[in-house]
Amino acid sequence: MSGYQICTPTSSLPQGVVMAGSPGSLHSPPHVTDETTRKRQLRLMKNREAARECRRKKKEYVKCLENRVAVLENQNRTLIEELKALKDIYCHKVE
DNA sequence: CCTGATCTGCGTCAGCACGG
DNA sequence: CCGTGCTGACGCAGATCAGG
């Protein structure tokens with residue numbers, strides 16, 4: 001068992017549904033104190049915000065990489081054109 | 001329209017890394 | 001150790017799209 005699961009004993013409530021205001025003392029085992037519940041709620045709240053921030057950072061990072069890809073593709077195109085031009089010049093010289 | 005497939009964002013859990 | 005933050009993975013709901 002994973003320790004706690006105080007939100008929904010029914011197991012059919014989808015994850016991601018927040019039972020924000022639930023007191024936790026309604027059908028909890030006696031060892032689950034209000035303090036335990038409070039700590040858990042606090043941790044969930046912090047983790048929720050951490051996950052949001054993590055996703056924001058990840059999105060930013062991906063956007064950065066995509067920009068870099070675009071820049072490098074441009075550079076590559078330019079260099080290919082330059083190489084072609086230089087080859088042309090060289091070919092005309094040797095003729 | 002309707003419907004099934006795909007995308008997107010969210011909350012939660014698990015597990016790792018790190019500092020005290 | 002233990003508490004805490006970060007992040008991958010999962011399941012879910014709502015939005016969007018393509019095909020009938």
Next on the checklist: Taking any heavy-atom pair under 4.0 Å as a contact, classify A:Arg52: base, sugar-phosphate, or nothing.
Outcome noted: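 Result for A:Arg52 = sugar-phosphate.
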Next on the checklist: What residues from residues 57-67 of chain A pass a heavy-atom cutoff of under 4.0 Å to DNA chain C?
Outcome noted: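 Residues of residues 57-67 of chain A that come under 4.0 Å of DNA chain C are, in numerical order, A:Lys57, A:Lys58.
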Item to check | Selection from B:dC10, B:dT12, C:dG5 that lies nearest to any side-chain heavy atom of A:Arg40 | outcome: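 Looking only at heavy atoms from C-beta outward on A:Arg40, the closest nucleotide is B:dT12.
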Next on the checklist: Quick check for you: among C:dT7, B:dC13, C:dA9, whose closest atom lies nearest to any side-chain atom of A:Ala50?
Outcome noted: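 Closest of the options to the side chain of A:Ala50: C:dT7.
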Next on the checklist: Going by the rule salt bridge (Lys or Arg N to Asp or Glu O under 4.0 Å), which residues pair with A:Glu49 if we only count those two or more places apart in sequence or in a different chain?
Outcome noted: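 Checked A:Glu49 against salt bridge (Lys or Arg N to Asp or Glu O under 4.0 Å); zero matches.
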Next on the checklist: Any heavy-atom pair between the side chains of A:Lys59 and A:Val62 that's under 4.5 Å?
Outcome noted: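 No - every pair of side-chain heavy atoms lies 4.5 Å or more apart.
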Item to check | Side-chain heavy atoms of A:Thr33 within contact of A:Thr36, under 4.5 Å | outcome: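 When only atoms from C-beta onward are counted, A:Thr36 and A:Thr33 do touch, with a gap below 4.5 Å.
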Checklist entry - Would you say a side-chain N or O of A:Arg56 is under 4.0 Å from OP1 or OP2 of B:dT8? => result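 It does not, given that no N or O in the side chain of A:Arg56 lies less than 4.0 Å from OP1 or OP2 of B:dT8.
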Checklist entry - Is the phosphate of B:dT12, meaning OP1 or OP2, less than 4.0 Å from a side-chain N or O of A:Arg48? => result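 Yes, A:Arg48 has a side-chain N/O under 4.0 Å of OP1/OP2 on B:dT12.
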Length of the [atom1]-[atom2] vector between [X] and [N], whole Å:
| X | N | atom1 | atom2 | answer |
| --- | --- | --- | --- | --- |
| A:Arg38 | C:dG3 | CZ | P | 14 Å |
| A:Arg55 | C:dT7 | CZ | P | 12 Å |
| A:Gln41 | B:dT12 | CD | C1' | 12 Å |
| A:Glu49 | C:dT4 | CD | C1' | 15 Å |
| A:Lys46 | B:dC13 | NZ | C1' | 18 Å |
| A:Met45 | C:dG5 | CE | P | 11 Å |

Next on the checklist: Could you go through A:Lys63 and A:Glu66, starting from their C-alpha distance and side-chain angles, then the distance that decides it, and tell me whether this counts as salt bridge (charged side-chain N to carboxylate O under 4.0 Å, His left out)?
Outcome noted: CA-CA 5 Å; A:Lys63 207 181 284 179; A:Glu66 285 170 348; over 6 Å; no
Checklist entry - Does A:Lys57 pair with A:Glu60 as a salt bridge, N-O distance under 4.0 Å? => result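 No, no charged N to carboxylate O under 4.0 Å.
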Item to check | Base-contact (B) and sugar-phosphate-only (S) positions in nucleotides 15-20 of chain B, heavy-atom cut-off under 4.0 Å, - elsewhere | outcome: B-----
Next on the checklist: Checking one residue: A:Leu42. Which other hydrophobic residues are in its cluster under the side-chain 4.5 Å linking rule?
Outcome noted: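 Cluster partners of A:Leu42: A:Met45.
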Item to check | Cluster companions of A:Tyr61 among Ile, Leu, Val, Met, Phe, Trp, Tyr (side-chain spacing under 4.5 Å) | outcome: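 A:Tyr61 clusters with A:Leu65.
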Next on the checklist: A:Glu35: which residues meet the side chain to side chain donor-acceptor pair (under 3.5 Å) condition with it, sequence neighbours left out?
Outcome noted: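 A:Glu35: side chain to side chain donor-acceptor pair (under 3.5 Å) contacts with A:Arg38.
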Checklist entry - Is the count of non-hydrogen atoms from other residues, nucleotides or ligands lying under 6.0 Å from A:Arg68 atom CZ greater than 12? => result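 Atom CZ in A:Arg68 is not packed in, count stays at 12 or less.
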